[in-house]
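One structure is given below, encoded as structure tokens.
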Amino acid sequence: MTYQNYSLKQLQQIDAAHHLHPFTDHKELREAGSRIITHANGPFIYDSEGAELLDGMAGLWCVNIGYGRDELAEAAYAQMKELPYYNSFFKCSTPTPVLLSKKLAEIAPKNVNQVFYGSSGSEANDTALRLVRHYWVIEGKPEKNRVISRKMAYHGSTIAGTSLGGMDAMHKQLNGAVPNIVHVMMPYAYELALPGESDHDFGLRAAKSVEDAILEAGADKVAAFIGEPVMGAGGVKIPPASYWPEVQRICRKYDVLLMLDEVITGYGRTGEWFAAQTFGIEPDTITTAKALTSGYQPLSALLVGDRITSTLVDKGGEFNHGYTYSGHPVACAVALKNLEIIEQEGLVDRVRNDTGPYFAKALQERIAGHDLVGEVRSIGLMGAIEIVKDKATKERFLPSGSAAVTVRDHAIASGMMLRATGDTMILSPPLIWTRDTIDMACERIGKALDLAQADLRKR
Ligand code: PXG
């Protein structure tokens with residue numbers, strides 16, 4: 001690798017001179033210099049200084065089978081030699097997206113049998129928005145074009161993704177969103193449940209906000225509701241069990257399509273192939289990306305339910321939409337191998353029956369009691385730790401978000417890569433984590449919390 005001819009300092013200087021990073025204050029980055037990750041193996045990543053970090057985020061919620069899998073490199077190599085690229089336009093196809101589509105139809109909820117490919121979750125959500133609006137046009141109801149989403153939702157960074165998402169800071173910079181998208185409350189009991197309100201009742205109340213938005217617009221104006229089964233970038237917000245079945249009931253009652261964004265939850269994270277199965281719902285679209293290839297190749301798959309596809313096929317004509325890389329043969333070859341590995345190693349069952357419950361128990365027993373921790377929660381192998389100043393009142397440290405960054409910095413110094421969002425620490429590790437890895441993570445997080453507490457109490 002040619003980068004080895006460069007010192008860390010040189011790489012940082014070149015990075016600052018030429019590379020605009022996602023979601024980054026570039027002035028700040030230029031002062032600090034970027035952390036350069038050079039290689040990785042299994043559950044560990046290594047930086048250019050040789051520091052080993054346990055990767056609590058699976059890259060960015062994606063490297064579900066862990067790093068250093070030769071089989072994926074070999075699948076890509078073999079496919080590149082045989083056919084590096086051909087398109088899926090003009091009635092052409094290539095073998096790997098065909099076989100991948102069959103596999104995805106097998107593992108998806110039973111009403112979902114067709115796939116539209118892109119290269120990223122954002123693209124897939126763009127496709128999903130185009131598709132549901134087009135669906136209602138073909139159905140002769142073009143005025144049914146409004147989409148209901150939620151505050152703090154993350155659906156990507158394109159204009160459609162940002163508009164669907166509910167992040168204020170992103171909307172501000174958009175300075176003009178895609179019209180006819182509204183945002184309702186999120187199912188986040190820790191901050192939004194009323195005193196004495198049960199989880200069950202809170203879930204129903206949060207679902208009711210979807211019904212209220214439908215009634216306010218008029219059901220004949222509403223195309224769809226979109227949500228992440230568990231809000232990811234917004235802080236691993238896990239809805240009560242009552243929420244999703246009630247949202248589905250409401251959508252069906254008013255003939256509103258149900259769109260799930262499983263870019264984070266897809267491919268095993270919650271202990272089923274899809275969180276739709278964990279929550280027992282049958283959505284009309286499922287957006288997936290990330291762990292479809294365990295991040296080894298950029299690839300997204302919008303899984304489309306039978307209701308939409310039968311209209312599209314029977315009455316739709318040409319759907320004027322698609323990407324150069326829709327169904328990319330190399331990315332699809334890597335996805336096929338990735339799913340084969342997940343299956344062969346029984347990783348989804350392991351999350352459901354073993355590591356998921358062990359992770360939940362470890363967080364409860366070893367992290368929840370810490371003075372800085374207001375709540376821990378998890379589902380499968382995705383979890384959150386709420387950082388608070390006062391456990392009883394849930395008061396946060398000021399300025400908002402700063403305490404979680406302090407915890408994160410100590411975690412990294414203690415050999416643990418964690419993500420901080422607002423005042424919440426997030427974990428979304430590779431599904432290859434074992435009980436031992438979970439123990440190692442808890443030990444390092446505990447140490448980081450102790451060190452952060454010493455700092456924060458001084459302020
Ligand atoms: N939907 C969801 C639910 C996501 O989490 C996207 C769509 C967009 O996918 P692409 O591939 O276009 O990035 C995502 C992506 C974070 C973070 O900081 C999360 C994501 C992306 C970048 C950062 O947690 N999720």
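A quick note: this is a predicted structure, and the numbers were derived from the prediction, not measured. One-based numbering, in listed order, for ligands and for the atoms of each. Computed over heavy atoms, backbone and side chain alike; hydrogens, waters and symmetry mates excluded.
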For [atom], what is the nearest protein heavy atom, given as residue, atom name and distance?
{"atom": "atom 12 (O) of ligand 1", "result": "S122 OG, 2.5 Å"}
{"atom": "atom 20 (C) of ligand 1", "result": "K290 NZ, 3.4 Å"}
{"atom": "atom 11 (O) of ligand 1", "result": "G121 N, 2.9 Å"}
{"atom": "atom 5 (O) of ligand 1", "result": "I264 CD1, 3.2 Å"}
{"atom": "atom 17 (C) of ligand 1", "result": "W61 NE1, 3.8 Å"}

Just heavy atoms, cut-off under 4.0 Å: does [X] contact ligand 1 by side chain, backbone, both, or neither?
{"X": "A233", "value": "both"}
{"X": "L60", "value": "side chain"}
{"X": "N125", "value": "side chain"}
{"X": "E228", "value": "side chain"}

Under 3.5 Å, N or O to N or O, is [X] touching ligand 1 that way?
{"X": "D261", "value": "yes"}
{"X": "R419", "value": "yes"}
{"X": "E123", "value": "no"}

- Query: For D306 and N111, does a side-chain donor sit closer than 3.5 Å to a side-chain acceptor?
  - Reply: no
- Flag, side chain of S300 to backbone of A289, donor-acceptor distance under 3.5 Å: no
- Kindly assign one of parallel, tilted or perpendicular to the pair F44 and Y46, based on the angle between their ring planes and the thresholds 30° and 60°. tilted
